Amino acid sequence: MPDRARPGRPGAGDPGPAAGEVPDIDIAGLSRDERYSLMNQAVLPRPIAWVVSDCGAGAAAASRWNLAPYSYFNAVSSDPPTVVLGINNRDHRTRLKDTVRNLRCRPDFTLSLPSADAVDAVAATSDELPWGCSEADRGGIALTPWPGWGVPRVDMCRIAFACRLLQEIHLDDPTQSLLVAR
């Protein structure tokens, strides 16, 4: 797959595209931060997956549940019902986000879809905490037991899915994970 859709990216001294024209962007020539910004601004709307994963018995009881938001998420099939999460572990201090670490050991999780009124709570759970510290506890976010499922869901969300990790795919770089779940 080429890194740019059309040849002819404007160069130095080139005034760029005329009004109404779509500029050519050489994605390969952008920095990692610029590519991230471009993808975040170009692919809209982008739902947020608020993922609860299980840190396991090694964590204190009150800190067992990891809660983290992911904006690289979407549904990819309804039969069988399947979702994907894109997770960048590269910038994480241990090179592995808690969600990935937890799902490799315990593949069941819940995925909640927060509404716009939860934006502050979602943002608060994006802070990096040490493994075994619960973002839900820290932010005062209620988790509700889900009868018949071992992982709670976020109480304030009207839509949630009980999911099981099926496969982890690495995208050219072992720090870039694509998690496929049913």
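In this chain, residues are counted from 1 in sequence order. Not measured: the values here are computed from a predicted model.
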Residue that, paired with Phe73, satisfies side-chain contact (heavy atoms from CB on, under 4.5 Å) out of Ile48, Val84, Leu111: Leu111
Within residues 72-86 or reaching into it, pairs that qualify as side-chain hydrogen bond (donor to acceptor under 3.5 Å, both in side chains) - sequence neighbours excluded: Asn40-Tyr72
Using side-chain contact (heavy atoms from CB on, under 4.5 Å) as the criterion, point out the one residue from Val83, Leu166, Leu165 that pairs with Arg182. Leu166
Gap between atom CZ of Arg106 and atom CZ of Arg101 - 0.5 Å precision: 8.5 Å
Rounding to 0.5 Å, atoms CZ (Arg104) and OG1 (Thr99) come to a distance of 12.0 Å
What are the two closest heavy atoms between Ser126 and Ala123, and how far apart are they? OG-O, 2.6 Å
Nearest 0.5 angstrom please: Ile141 CD1 to Leu143 CG, how far? 8.0 Å
Per side-chain contact (heavy atoms from CB on, under 4.5 Å), Phe109 is matched among Val51, Leu179, Val52 by Val51
Could you list the residues that satisfy side chain to side chain contact (heavy atoms under 4.5 Å, CB included) with Ala162, not counting sequence neighbours? Trp146, Trp149
Is there a side-chain contact between Asp98 and Ser53 (heavy atoms, below 4.5 Å)? no
Within the structure provided, determine whether Leu129 and Glu135 are in side-chain contact (heavy-atom separation under 4.5 Å). yes
Return the set of residues passing side chain to side chain donor-acceptor pair (under 3.5 Å) with Arg164 (not counting sequence neighbours), or none when no residue passes. Asp108
Taking only residues two or more places apart in sequence or in another chain, which ones pass side chain to side chain donor-acceptor pair (under 3.5 Å) with Ser177? Asn89, Glu168
Within this structure, what is the CG-CD1 distance for the pair Leu178 and Ile169, rounded to the nearest 0.5 Å? 5.0 Å
For residues 151-161, which residue pairs pass the side-chain hydrogen bond (donor to acceptor under 3.5 Å, both in side chains) check, not counting sequence neighbours? Thr144-Asp155
Just wondering, do Asn102 and Asp54 contact through their side chains at under 4.5 Å, heavy atoms? no
Just grab all the salt bridge (charged side-chain N to carboxylate O under 4.0 Å, His left out) pairs involving residues 113-127, residues at least two apart or on different chains. Asp127-Arg138
